[in-house]
Amino acid sequence: MLLLLAKMGYTVEECSIAMERCGPEASVVELTDFICAAQLSREADVYLPDDDLKPRYNGVCKIKKRKFFEICKKKNDPETETIRLPNPMIGFGVPSLQLESISRSLPDSAIGPPFFYYENVALAPKGVWDTISRFLNDIEPEFVDSKYFCATARKRGYVHNLPVQNRFPLVPLPPLTVQQAFPLSRKWWPQWDPREKLNCIQTAIGSAKLTERIRNALERFDGDPPTSVQKSVLDECRKWNLVWVGRNKVAPLEPDEMEMLLGFPKNHTRGGGISRTDRYKSLGNSFQVDTVAYHLSVLKDMFPDGINLLSLFSGIGGAEVALHRLGIKLKNVVSVEKSKVNRDIVRSWWEQTNQAGNLIDFDDVQALDGERLEEVISYVGGFDLIVGGSPCNNLAGSNRVSRDGLEGKESSLFYDYFRILDLVKSIMHRPA
DNA sequence: CTTAGGATGACGTAGAGC
DNA sequence: GCTCTACGTCATCCTAAG
């Protein structure tokens, strides 16, 4: 906790006083709220002595730090202000269900340049999306389930300042049902398995032993098994996202099948010394390209000459692939991604697709401070779009061990997305 | 023999939707 | 009230390569 607060730019002294006064159970919002309240009552240059400031706030720290306090100070009202998920989860519309007369008004502070696009899991613990929204200019998140774009579910929230009118989907439209996506499975798909969509693609897959147990259970019957067996098999199939590949045979998705479902080119994550496990991990953590591309499609007419992209937590480059498939030229792409495996994947895709622009790698978002950003921005000449989906490990429902919310070890990197977005804005808006 | 990395299964719960 | 889902983690075992 102390580390997290320090990362936000608080001094050790501030933190220890706050932790003492708020008690051991206090959340990060309560703590920052306390520090904020105490400090806002003083003069800015008193409570922000320069040598206390963390390096990442260099350049714009005084303003930024105060702004951070102010955002933290705004409290959630859990009764009335909790963000609710839409049902159906189609955000501001999907290709098959275009909503009439969509409009939304963004707060002045949210209007670009640059455009930004933030993504994370929709079913995060309560209050997480309220906090995220609060930090990102109070923009209402757009919750979309990718099952409206492809044959697999993926419930995600997107906070962005893009227009929502005149969007268009990638063509060709991907198959919308499992049966269309996997024609060969039709022959083996039993009548009693009603699934038309797969569940969310995750980082772990069902084991070979499990599929063997399922086959053994089914082979004891000639025709359809009794309903009790049907139910238990279906439960496992849903839990592990298994598909039918032979008589009584189920199997987890292959990596290339996941690539297809998620909208990536086949073999996108293959080769170059990347293990199967790593492929599953990277794919499970990725964007669904068609969904993201639909949202980003409005940029095409705005930037006929191409865009400069800052891609945080790039992963296997979902945003880059989406923009490329939309036919939006990539001039300069600054990509920040911790995993070398993923950086290699993006680099290799970049070379294979003969990109004319520059791809610049960074490995650590936390090391991207004001100074570095100024260098990069003066080199590329400003960013048109900032994309990022910060780590979800501590938000995701499947995590039994450390579902700690936004304050979790990895998921707290969201605050770096906010920090960098804010830094870029102030550098770009500063008079030359 | 040692080591690295894949494979396996156990692990619990919040919160949405009905 | 009930059912269902979820960008996951860990210790341990197994296997192949060195």
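Only heavy atoms go into these numbers, but all of them, side chains included; no hydrogens, no water, no symmetry mates. Naming: A, B, ... by sequence-line order, numbering from 1 per chain.
- There is a side-chain donor-acceptor pair under 3.5 Å between A/Tyr118 and A/Ser390.
- Between the P atom of C/dA6 and the CG atom of A/Asp235 lies a distance of 13 Å, rounded to the nearest Å.
- For A/Lys231, the listed nucleotide lying nearest its side chain is C/dC4; candidates were C/dT5, C/dC4, C/dC7.
- A/Tyr118 places its OH atom 12 Å from the C1' atom of C/dC7, with the value rounded to the nearest Å.
- A/Val376 places a side-chain heavy atom less than 4.5 Å from the side chain of A/Phe383.
- With a 4.5 Å cut-off on side-chain heavy atoms, A/Phe116 and A/Leu136 count as touching.
- Formation of a donor-acceptor pair under 3.5 Å by the A/Asn137 side chain with backbone atoms of A/Ile139 is not found in this model.
- Each of A/Trp240 and A/Pro86 was matched to the nucleotide of DNA chain B holding its nearest heavy atom; the match closer to the 5' end belongs to A/Trp240.
- Using a 4.5 Å heavy-atom cutoff, the side chains of A/Arg195 and A/Trp244 are in contact.
- Listed candidates were C/dT5, C/dC10, C/dC4. Nearest to the side chain of A/Lys155 is C/dT5.
- Residues A/Thr291 and A/Arg154 are not in side-chain contact: their nearest non-hydrogen atoms beyond the backbone lie 4.5 Å or more apart.
- In the model, A/Ser335 has no side-chain atom that pairs as donor or acceptor with a side-chain atom of A/Glu337 under 3.5 Å.
- Looking only at side-chain heavy atoms (C-beta outward), A/Gln230 and A/Asp193 stay at 4.5 Å or farther from each other.
- The stretch residues 277-294 of chain A comes close to DNA chain B through A/Thr277, each having a heavy atom under 4.0 Å from the strand.
- A straight line from NZ of A/Lys338 to C1' of C/dC7 spans 14 Å, rounded to a whole angstrom.
- Within the 4.0 angstrom heavy-atom criterion, base atoms lie near A/Arg154.
- For the pair A/Lys338 and A/Asp363, the minimum side-chain heavy-atom distance is 4.5 Å or more.
- Residue-level contact check: A/Cys392 touches the bases, meaning some heavy atom is under 4.0 Å from a base atom.
- Comparing the C1' positions of B/dG12 and C/dC4 gives a spacing of 15 Å, expressed to the nearest Å.
- Secondary structure note: stems in DNA chain C built from 3 or more consecutive Watson-Crick or G-U wobble pairs under 3.5 Å occupy B:1-11 with C:8-18, B:13-18 with C:1-6.
- Across the protein-nucleic acid pair, A/Lys209 atom NZ and C/dC13 atom P stand 15 Å apart, rounded to whole Å.
- Of the N and O atoms on the side chains of A/Glu259 and A/Thr269, at least one donor lies less than 3.5 Å from an acceptor on the other residue.
- Comparing C/dC7 with B/dG17, their C1' atoms are spaced 22 Å from each other, to the whole Å.
- Within 4.0 Å of A/Ser411, counting heavy atoms only, lies no atom of the nucleic acid at all.
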message = The test is ring pair (Phe, Tyr, Trp, His ring centres under 6.0 Å); show your working for A/Tyr158 and A/Tyr117 and say whether it passes.
response = CA-CA 7 Å; A/Tyr158 306 88; A/Tyr117 189 80; 5.4 Å; yes

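- Extent of DNA chain B lying under 4.0 Å from chain A heavy atoms, first and last nucleotide in 5' to 3' order, is B/dG6 to B/dC18.
- One atom, CG of A/Asn399, and another, C1' of C/dA6, lie 10 Å apart when rounded to the nearest Å.
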